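What follows is one structure encoded as structure tokens, with my remarks underneath.
This is a predicted model, so every value here is computed, not measured.
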Amino acid sequence: RVFTPPAPDIAALSVERELMQRLCSMAGVEVTEMPVNASDLYGIDEIMVFNHTGLQSILAWGSRYYYNLTALRLEKHLPALTETGLKLVK
């Protein structure tokens with residue numbers, strides 16, 4: 001499951017957020033919105049960022065190391081997401 005902080009109204013319309021939700025759907029990964037604080041970063045298994053540069057795993061924060069298994073799972077679906085996006089533009 002992927003947890004994402006709730007977006008302010010303006011960010012809810014962002015292209016990156018929409019693409020990430022589509023990507024998770026394609027990979028069969030549930031997306032749950034919930035507040036995430038810096039103190040939560042020590043208890044989670046994985047951190048990733050999805051923005052205009054693509055999908056990026058954060059492998060360490062301070063002395064804490066993270067997995068990238070979900071990111072690798074999502075990465076497999078990026079070509080199909082790109083293909084779908086290109087079809088929508090044509």
Which atom pair, heavy atoms only, marks the closest approach of E33 to P6? OE1-CA, 3.6 Å
If hydrophobic clusters are built from ILVMFWY residues whose side chains come within less than 4.5 Å, do I44 and V49 share one? yes
Evaluate the side-chain proximity of Y65 to L59: yes if any heavy-atom separation is below 4.5 Å, no if none is. no
Full working for side chain to side chain contact (heavy atoms under 4.5 Å, CB included) between T4 and M34: CA-CA 6 Å; T4 184; M34 64 177 269; over 6 Å; no
Evaluate the side-chain proximity of M20 to M48: yes if any heavy-atom separation is below 4.5 Å, no if none is. yes
Taking the side chain as everything from C-beta on, heavy atoms only, tell me whether Q56 gets closer than 4.5 Å to N51. yes
Can you find a heavy atom in the side chain of S57 that is under 4.5 Å from one in the side chain of I47? no
Which atom of G43 lies closest to which atom of R64, heavy atoms considered: C-NH2, 4.4 Å
Could you tell me which residues satisfy ring pair (Phe, Tyr, Trp, His ring centres under 6.0 Å) with Y42, sequence neighbours excluded, listed by chain and number? W61
For residues L74 and M26, determine if any side-chain heavy atom of one lies less than 4.5 Å from a side-chain heavy atom of the other. no
So do V2 and T32 actually touch side chain to side chain, heavy atoms under 4.5 Å? no
Interatomic distance, OG1@T70 vs CG@D45, rounded to 0.5 Å, equals 8.0 Å
Under a 4.5 Å cut-off applied to non-hydrogen side-chain atoms, are Y66 and L41 in contact? yes
Using a strict cut-off of less than 4.0 Å between a Lys/Arg side-chain nitrogen and an Asp/Glu carboxylate oxygen, indicate whether E46 and R73 qualify as a salt bridge. no
Please confirm whether the backbone N or O of L78 pairs with a side-chain atom of T82, one donor and one acceptor, at under 3.5 Å? yes
Main-chain N/O of V31 paired to R1 side chain as donor or acceptor, under 3.5 Å: no
Any side-chain heavy atom of E75 sitting closer than 4.5 Å to one from L72? yes
Residues that, via side-chain heavy atoms closer than 4.5 angstrom, fall in one hydrophobic cluster with Y67: L69
